[in-house]
Participant: 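Sending over a structure as structure tokens; questions will come in a sec.
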Amino acid sequence: MKVQVRSGDTLWHYSRLFMIPLNLIIDSNPTINPSALQIGQEVQIPGFIIQKYTLRKGDTFWKLSEPRHLSVDALLLLNQKVNPNHLQAGKTIDIPQRVISPVVNGKRRYNFKALTEDIAQLKSIFPFIQVNNIGKSVLGKPIQEIRLGKGTKKVHFDASFHANEWITSGIMMSLLNHFLLSLINVKPIRGMATMPLYQSVDLSIVPMVNPDGVNLVIDGPPDEMREQVLRINKGSTDFTGWKANIRGVDLNDQFPAKWEIEKGRTAEKAPAPRDYPGDAPLTEPESIAMANLARTRQFNRMLAFHTQGEEFYWGFEGLEPPESQVLAAEFARVSGYTPVQYIDSYAGYKDWFIQDFRRPGFTIELGSGINPLPLSQFDEIFEEVLGIYLAALYM
């Protein structure tokens, strides 16, 4: 929600007026000098949207503000061209409406369009988040990163490396929405205040690493690659078993962490719906983007969300630091998931992260059953992984 500065206004006044933490207003307006507001300047107020209201006979700003728990000055601020002493029935005014419920609907067939719309809506309501494009998919879709927080501890989450694990993107976006609502409305999550987490953490989220693959599984093949993907899928139009990117390369087998072993033992020697690691490490634009992101940001810890198994993997070749075991124990406690230190698998993003950075990396396997997991598991998975989300930030 945008407001125009009046004479004497300050960001502190806006903070009290709308009951929004001052630091979130400052972070929502990075180009504004808080100490030198100018009359007519636009300021973004996070956590609010504007509701249009048609005036009725007998309406006053006081009568409109009181049941909405607003200050009359909030209405005066948004309606500076309206004479509050001469309100006319039938005229339209703006009323600020606090956002208290999630705007992300992650509990659906969550394709790239759904993600893009939800990111745009979150950015509009919570302008203190940053949205970056870290690369493009094979078909040119932006691989989007959401970044928030003011701290020095760098934490990274990602989802939908695998196409038919698209439920992880809806879960991730719902978790983020839950966290943002907690910040803006100063309400704890499971008894935990979230503002200290915002102040101490620099959080990076890539909610859909493999947008082309997700769309293939949910919406079917795109016209420009229909013949190619049908050939890879042996003529079948059922893509529910597809994990790879649109070229048939498994993105979580693309990283130079004993890639040669994974390449040598896989049955897939050519592009396939799953398990083909490519002709060399880091050949695909999606995996290249994720590697470059980790190298640039130097994350302190990384969590990759997959399905399924209700377990998580936290070691690689004995290269994980002691901190990993401490985190693993807490993740297991808060989620009920089974911690597994080592599995007979290589070339994954978690493997490479641990190997190259010697920092904690995790592959979190959400839910149980056969991929794609049914949306009937969504609520249960959300509650299980919420504890992991919080623990990864505060520990």
Participant: Please check: side-chain N/O of Gln41 versus main-chain N/O of Gln38, any donor-acceptor pairing under 3.5 Å?
Facilitator: yes

Participant: I need the minimum non-hydrogen distance between Ser160 and Thr168, along with the two atoms involved.
Facilitator: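 Closest heavy-atom pair between Ser160 and Thr168: N-OG1, 3.0 Å.
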
Participant: Does the plane of the ring in Tyr349 sit parallel, tilted or perpendicular to the ring in Phe353? Use 30° and 60° as the thresholds.
Facilitator: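 Correct class here is tilted.
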
Participant: May I have the step-by-step check of side chain to side chain donor-acceptor pair (under 3.5 Å) for Asp118 and Tyr110, ending in yes or no?
Facilitator: CA-CA 10 Å; Asp118 280 346; Tyr110 206 80; 2.7 Å; yes

Participant: May I ask you to check if Arg68 and Tyr53 form a cation-pi contact, with NZ or CZ under 6.0 angstrom from the six-membered ring centre and within 45° of the axis?
Facilitator: yes

Participant: Is it true that Lys258 and Asp351 have a side-chain N and a carboxylate O under 4.0 angstrom from each other?
Facilitator: no

Participant: Parallel, tilted or perpendicular: which describes the rings of Phe18 and Tyr14, with under 30° parallel and over 60° perpendicular?
Facilitator: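 If you compare the ring of Phe18 with that of Tyr14, the planes turn out tilted.
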
Participant: Just so I know, are the side chains of Val43 and Leu11 near enough to count as touching, which here means a heavy-atom distance under 4.5 Å?
Facilitator: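 When only atoms from C-beta onward are counted, Leu11 and Val43 do touch, with a gap below 4.5 Å.
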
Participant: Who passes side chain to side chain contact (heavy atoms under 4.5 Å, CB included) against Glu227, sequence neighbours left out?
Facilitator: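 For Glu227, the residues satisfying side chain to side chain contact (heavy atoms under 4.5 Å, CB included) (neighbours in sequence not counted) are Arg231.
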
Participant: May I ask you to check whether Gln44 and Asn29 show a side-chain donor-acceptor distance below 3.5 Å?
Facilitator: no

Participant: Is any side-chain heavy atom of Pro273 closer than 4.5 Å to one of Phe239?
Facilitator: no

Participant: Can Ser236 and Asp238 be counted as having a side-chain donor-acceptor contact under 3.5 angstrom?
Facilitator: no

Participant: Just wondering, do Phe161 and Met290 contact through their side chains at under 4.5 Å, heavy atoms?
Facilitator: yes

Participant: For residues Leu176 and Tyr389, determine if any side-chain heavy atom of one lies less than 4.5 Å from a side-chain heavy atom of the other.
Facilitator: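 Side chain of Leu176 against side chain of Tyr389, heavy atoms only: contact under 4.5 Å found.
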
Participant: Salt-bridge test for Asp202 and Lys150: reply yes if a basic N is under 4.0 Å from a carboxylate O, no otherwise.
Facilitator: no

Participant: Under 3.5 Å, is there a donor on one side chain and an acceptor on the other for Tyr313 and Glu311?
Facilitator: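 Side-chain D/A pair, Tyr313 to Glu311: present.
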
Participant: Any side-chain heavy atom of Pro285 sitting closer than 4.5 Å to one from Lys136?
Facilitator: no

Participant: Decide side chain to side chain donor-acceptor pair (under 3.5 Å) for Asp212 and Ser137; before the verdict, give the C-alpha distance in whole Å, the side-chain angles of both, and the deciding distance to 0.1 Å.
Facilitator: CA-CA 7 Å; Asp212 297 342; Ser137 68; 2.9 Å; yes

Participant: Flag yes if Leu197 and Ile20 sit in one hydrophobic cluster, no otherwise; membership is Ile, Leu, Val, Met, Phe, Trp, Tyr, and two members link when side-chain heavy atoms are under 4.5 Å apart.
Facilitator: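 The answer is yes; both residues are in one hydrophobic cluster.
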
Participant: Tell me, do Trp259 and Tyr346 make a side-chain contact under 4.5 Å, heavy atoms counted?
Facilitator: no

Participant: Begin with the C-alpha distance, continue with both residues' side-chain angles, and end with the deciding distance and a verdict on side chain to side chain donor-acceptor pair (under 3.5 Å) for Asn111 and Asp219.
Facilitator: CA-CA 8 Å; Asn111 60 11; Asp219 301 322; 3.1 Å; yes

Participant: What I want to find out is whether Lys263 reaches Glu268 closely enough, with some N-O distance under 4.0 Å, to be called a salt bridge.
Facilitator: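 No, no charged N to carboxylate O under 4.0 Å.
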
Participant: Please evaluate residues Ser287 and Gln254 with respect to the criterion side chain to side chain donor-acceptor pair (under 3.5 Å), reporting the C-alpha separation (whole Å), side-chain torsions for both, the decisive distance (0.1 Å), and the verdict.
Facilitator: CA-CA 7 Å; Ser287 53; Gln254 263 274 286; 2.9 Å; yes

Participant: Applying side chain to side chain donor-acceptor pair (under 3.5 Å) between His162 and each of Asn371, Asp250, Asn252, report the one that passes.
Facilitator: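 Only match with His162 under side chain to side chain donor-acceptor pair (under 3.5 Å): Asp250.
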
Participant: Quick check: is Phe112 connected to Val209 through a chain of hydrophobic side chains (ILVMFWY, heavy atoms under 4.5 Å apart)?
Facilitator: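 The answer is no; the residues belong to distinct hydrophobic clusters.
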
